[in-house]
Structure formats: structure tokens, C-alpha cells
There are 2 protein chains.
Amino acid sequence: MGLAGASRILLDITSRYDTLRTMSERKIALLGYALLGLLHQKPSSGYDLRKIFATTPMGGFSDSPGAIYPALQRLQQSGLIRARVEDRAGLRRRRVFSLSAAGVAALEKWLAGPVTRNDLMRHIDDLMLRFAFMDGVKGQAASLEFLKNFRKDLSAYIPELHGHLNALREHMTVSGRLALESGILSYETLLHWIKTSIVTYQKIKR
Amino acid sequence: MGLAGASRILLDITSRYDTLRTMSERKIALLGYALLGLLHQKPSSGYDLRKIFATTPMGGFSDSPGAIYPALQRLQQSGLIRARVEDRAGLRRRRVFSLSAAGVAALEKWLAGPVTRNDLMRHIDDLMLRFAFMDGVKGQAASLEFLKNFRKDLSAYIPELHGHLNALREHMTVSGRLALESGILSYETLLHWIKTSIVTYQKIKR
DNA sequence: TCACCCATGTAAAGTGTTACATGATTAG
DNA sequence: CTAATCATGTAACACTTTACATGGGTGA
């Protein structure tokens, strides 16, 4: 890529910062969506959710109380989840959260969003989290659609990465080149996974 | 995994939060190390660095000025980089940063750190960034050592992931299971990449 | 003169990390 | 009575995102 191309990209991004005026609805961080998705599966307490993050390979979210309890409070203040206090003989009271109708709507809206180039480049974990919840919230037909969009955009992106590699190859150290190749390889593996997953859904449908 | 195992893990993590008292040296965020590594390769201005993040597949760092300029200021305040102002006829003045001796030391110390289980689970991008800079800062022998440690820990971790998958498989939706499998697959691909990269370095050595 | 490029910054808001704090019950 | 488990929180600080602001130069 020439310098002109580089500048063009930087300009595009600069104007994106200037014009992308976010709308009235407050944004939800990825952790918030992870919590919404888990609460959609099953009403849970903050402690239950911490255990999930601590013991399963869920995305890589922090299980620290300083992340989860404030996030739950924000979701509750936004009216997306509600709490029921369980006063059980013996144990300390627990606060069990479940989704409100608005919470389900927010989750569905997030899942319905497009697969963007920006997601592909910087937020693959967002995309995988969305897919993980897709069956349970929007059904298998939606999951299949999502995978097809994912395949289309990723197929277009990978050749660009090879272009970068070829352009930069001469100026890099061995470890620098290998690191870049590792990134490309992981995208290629992902594309392969998408293709076999599409086949999995098509088999189920028949 | 039984409930006892789950609780044990949560406890371990809780005590990690309580005891890991960080030392006098201020911590540097990943972006800070990315900047140190790039400045080690070549003295650059904030604008140059933004262009790198905007136009190459570098990790997935933000190219926003609100991230980069404050990060450069922090590094400068910590004495890890210094600025030389270039007043060039024509263009606006630019501030070109380069590493101080302390900056080189901080970079080397970061690169020399161990490959931890926590890095493996939540911070693969840190590990890849460290490796990308390894050749240029500590030489190819260090890169090979790093890969061998990486291989050892990752080889031990992957079977655990399969264990999780088998334990959870029955209770998951199709998309949930596929998402988890995608994660495992990416670790397996990474391990394969590590092995071929080790061979690459061994060929160079001969 | 307008669009575009080069170049550097700041302010506000949101979020995450780290560390600390509390309280009740059960098993040994 | 002590450790471990269940369970919920807060405060300080650091960092990122988003948006805004500025200013000089070049080519059509």
C-alpha cells in the first residue's frame, strides 16, 4: 500500500470520530452484554456470574467483583434487568437478577447488528460472544444467517491481510513477520470454522 | 468439574486480588508497551504511530489521538521516552519521540517476563506483542526460548479446555458449543504455529 | 477558496483494575 | 475458634472512547 492509501485510511477514521454522534440510548459495554446473555439463559446472582467467568473459558471477562457488581447496577438502572432478593435461612441474602422485556430487546438488538469491518479487525471477541448467545435468543436460523455474513466479510478481509504481509515482509524482523503470520493464520482458521459450522446448521435443518 | 473445583478456583482468584500488591514502579498498559516497542524500532511522532495503528494489522490498538497522545505523555513523565521537537519549514512542528535508557530497560523487562497461565487465558495478545518485538530487542535466541516456554504452557492448557467442553457439552446450545470449539481450535492453531516457528528459528541457527 | 493533508492536543464520561471491607454459616 | 464458603459491595486510580478544538500547508 502506498502512502496515499495510508493517509486515506487515517482520514476516514478521523472523520468517523468526528461524525459518529451516538444516539440517545446509552451504550452498553461488552461485559454488559455478556451478563445480559447469561441472565437470559438463567436468572443468576452476581456471585453465580463471577463463578462462570472464573471457571469456564467465557471470553476472558474478569471475574472481579469490582467489574461485575457495578455492571449489574448499571444494567438495573437502565431498566434492562431486575433483582429479586432471596432471603434464605442460613446463608446470606442473595440478589438474583433476571432480564426485563427491555433487557431482552437490548440483547436482541445487539445480536441483530451487522458484522462490520471494524468488528473483524478489532472485536472478533464481540462477534464470537454474539454468536454464542444467538441460538438461545434468536434461534438457529439467525445463527446460520450470522455465519453467512461472517463468512462473506472474512473472505474479503483475508486477502487484504496477505497484501499487508507481502508489503511489509522485507522490513520486518523474523519474530515480527511470524507474529503477523500468526494473526493471518488465526483468521484463516476462523474462516474454516465458519464454513464447517454452516454445514453443521444445514445438516440440522434437513 | 465438580462444585468444589469451581469454588477452589474462585477462591484462588479472590486471594490473588488480595495479595498481589504491585510495587513502586507504575504499571504500563499494553498500549504503552506497543509504543515503546515501535519507538525502539524507529523514533517517531504521535502521528506516525497513529498511522501504524490505522493502516497495519497491529494488534488492534486504537489509533485515536485521545489514546495515543496521553499515553506518550505518561511514558515521557515516567522518563521512558524523550521528545525532540522538529521545526521544519513548511509543515507544522512535530514531536519525535525516542526511547531513553530507562525505556529500553522497561521494554526488556517486559519481554523477559514469564508466560503465565493468566496470559494464556486472557491476554494472548500481550504474548504475541511481546514476541513481535522480541527479535529486535533481545535477539533471536530469546525469541526461540520464548516460543519453547509458550509451547510448554499451551500444551498443558489445551487438554483442560477439552475437559471443559466435554463437561459442558450437554448443557449448551449449538451456537454456544460451536463458539467454545472455535476458541479451542484457535488455541490448537496457535500451538501448531509455535511448533513451526520453533523449526524456523532452528533452521536459521544452523 | 475549498478540500484535503499533516500534526497535536484536551475534556468529559464511562469502564476496568486493584485493593479493601463486611457479614453469615458450616466443617473441622 | 478458625478456615473456608457463600455473598455483596465500595473507593481510588488508570485507561479508553468519543467528541471537540486548533493550526499550517498544498493543489485544483
Side-chain angles (χ1 to χ4, degrees), chain A residues 3-4 6-23 26-32 44-51 53 60-75 77-78 83 85-97 118 122-123, chain B residues 3-4 6-23 26-32 44-51 53 60-74 77-78 83 85-97 118 122:
Chain A
L3 287 176
S7 300
R8 167 121 300 275
I9 288 172
L10 193 55
L11 181 69
D12 289 347
I13 288 164
T14 301
S15 57
R16 196 181 69 215
Y17 289 123
D18 291 342
T19 57
L20 201 115
R21 182 174 290 268
T22 343
M23 305 291 84
R26 38 157 76 51
K27 276 225 304 276
I28 303 171
L30 191 58
L31 174 60
S44 311
S45 68
Y47 191 75
D48 294 335
L49 295 163
R50 285 186 67 198
K51 254 193 307 196
F53 293 137
F61 293 101
S62 167
D63 54 71
S64 103
I68 288 172
Y69 289 106
L72 288 169
Q73 283 169 16
R74 289 193 297 270
L75 293 174
Q77 275 158 24
S78 308
V85 176
E86 275 185 6
D87 247 322
R88 298 163 310 164
L91 291 174
R92 187 178 174 176
R93 82 184 189 287
R94 35 186 268 138
R95 203 174 280 271
V96 177
F97 295 94
N118 193 48
R122 300 200 197 311
H123 305 291
Chain B
L3 287 174
S7 299
R8 168 119 298 277
I9 289 173
L10 193 55
L11 180 69
D12 287 349
I13 289 163
T14 301
S15 57
R16 197 182 70 216
Y17 290 124
D18 291 342
T19 55
L20 200 116
R21 182 172 290 269
T22 340
M23 304 291 85
R26 40 153 79 42
K27 275 226 306 276
I28 303 171
L30 191 59
L31 174 59
S44 310
S45 68
Y47 191 75
D48 294 335
L49 295 163
R50 285 186 66 199
K51 258 193 305 196
F53 293 137
F61 293 100
S62 168
D63 54 69
S64 103
I68 289 171
Y69 290 107
L72 288 169
Q73 282 168 19
R74 288 193 298 272
Q77 275 158 26
S78 307
V85 177
E86 275 186 6
D87 247 321
R88 297 162 309 162
L91 291 174
R92 187 177 173 175
R93 82 182 189 288
R94 38 186 264 138
R95 203 175 281 272
V96 177
F97 295 94
N118 191 49
R122 301 201 196 311

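Just so it is clear: chains get the letters A, B, ... in the order the sequence lines come, proteins before strands, and each one is counted from 1. These figures come from a predicted structure and were not determined experimentally.
- Taking 4.0 angstrom as the limit, B:Lys27 places a side-chain polar atom (N or O) nearer than this to OP1 or OP2 of C:dT18.
- Atom C1' of nucleotide C:dT22 and atom CZ of A:Arg93 are separated by 11 Å, given to the nearest angstrom.
- For D:dT8, the OP1/OP2 oxygens have no side-chain nitrogen or oxygen of A:Arg95 closer than 4.0 Å.
- At whole-Å resolution of the value, CG in A:Asn118 and P in D:dT18 are 9 Å apart.
- Counting only Watson-Crick and G-U wobble pairs whose two distances sit under 3.5 Å, DNA chain D takes part in these stems of three or more pairs: C:1-28 with D:1-28.
- Between A:Arg95 and A:Ala83, the shortest heavy-atom distance links the atoms CG-CB, 3.7 Å.
- Listed nucleotides D:dT8, C:dG16, D:dT10 differ in distance to A:Arg50; the shortest reach to its side chain belongs to D:dT8.
- With rounding to whole Å, A:Asp63 atom CG is found 15 Å from D:dT5 atom P.
- The two atoms that bring B:Ala67 and B:Ser62 nearest to each other are CB-OG, 4.4 Å, heavy atoms only.
- Across the protein-nucleic acid pair, B:Leu49 atom CG and C:dC6 atom C1' stand 15 Å apart, rounded to whole Å.
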For A:Ile68 and A:Phe61, what are the C-alpha separation, side-chain angles and deciding distance, and is it a side chain to side chain contact (heavy atoms under 4.5 Å, CB included)?
-> CA-CA 10 Å; A:Ile68 288 172; A:Phe61 293 101; over 6 Å; no
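- Rounded to the nearest 0.5 angstrom, B:Phe97 CZ and B:Asp48 CG are separated by 10.5 Å.
- Minimum atom distance to the side chain of A:Ala67 is reached by C:dT17, of the listed C:dT17, D:dC6, C:dT8.
- A pairwise comparison of heavy atoms in A:Ala71 and A:Leu31 identifies CB-CD2, 3.9 Å as the closest pair.
- The interatomic distance linking B:Leu30 (CG) with C:dG16 (P) rounds to 17 Å, in whole Å.
- One distance of note links OG of B:Ser45 with NZ of B:Lys51; it measures 7.5 Å at 0.5 Å rounding.
- Between A:Arg74 and C:dG14 there is no side-chain N or O to OP1 or OP2 distance below 4.0 Å.
- Summarising the geometry, the separation between CG on A:Leu72 and C1' on D:dT10 is reported as 15 Å, rounded to the nearest angstrom.
- Rounded to whole Å, the distance from CG on A:Leu75 to P on C:dG14 is 14 Å.
- Residue contacts shown for A:Ala29 are limited to sugar-phosphate atoms, with no base heavy atom under 4.0 Å away.
- Nearest heavy atoms, A:Gly46 versus A:Leu72: CA-CD1, 3.7 Å.
- Between B:Ser64 and D:dT16 there is no side-chain polar atom (N or O) within less than 4.0 angstrom of OP1 or OP2.
- Minimum heavy-atom separation, B:Arg50 to B:Ser64: NE-C, 4.3 Å.
- Heavy atoms of A:Gly66 sit under 4.0 angstrom from at least one base atom.
- Contact check, B:Gln73 against C:dT8: no side-chain N or O comes under 4.0 Å of OP1 or OP2.
- Residue B:Tyr47 has a polar side-chain atom (N or O) positioned under 4.0 Å from OP1 or OP2 of C:dC6.
- The interatomic distance linking A:Leu31 (CG) with C:dG16 (C1') rounds to 9 Å, in whole Å.
- At C:dT17, one or more side-chain N or O atoms of A:Ser62 fall inside 4.0 Å of OP1 or OP2 (strictly under the cut-off).
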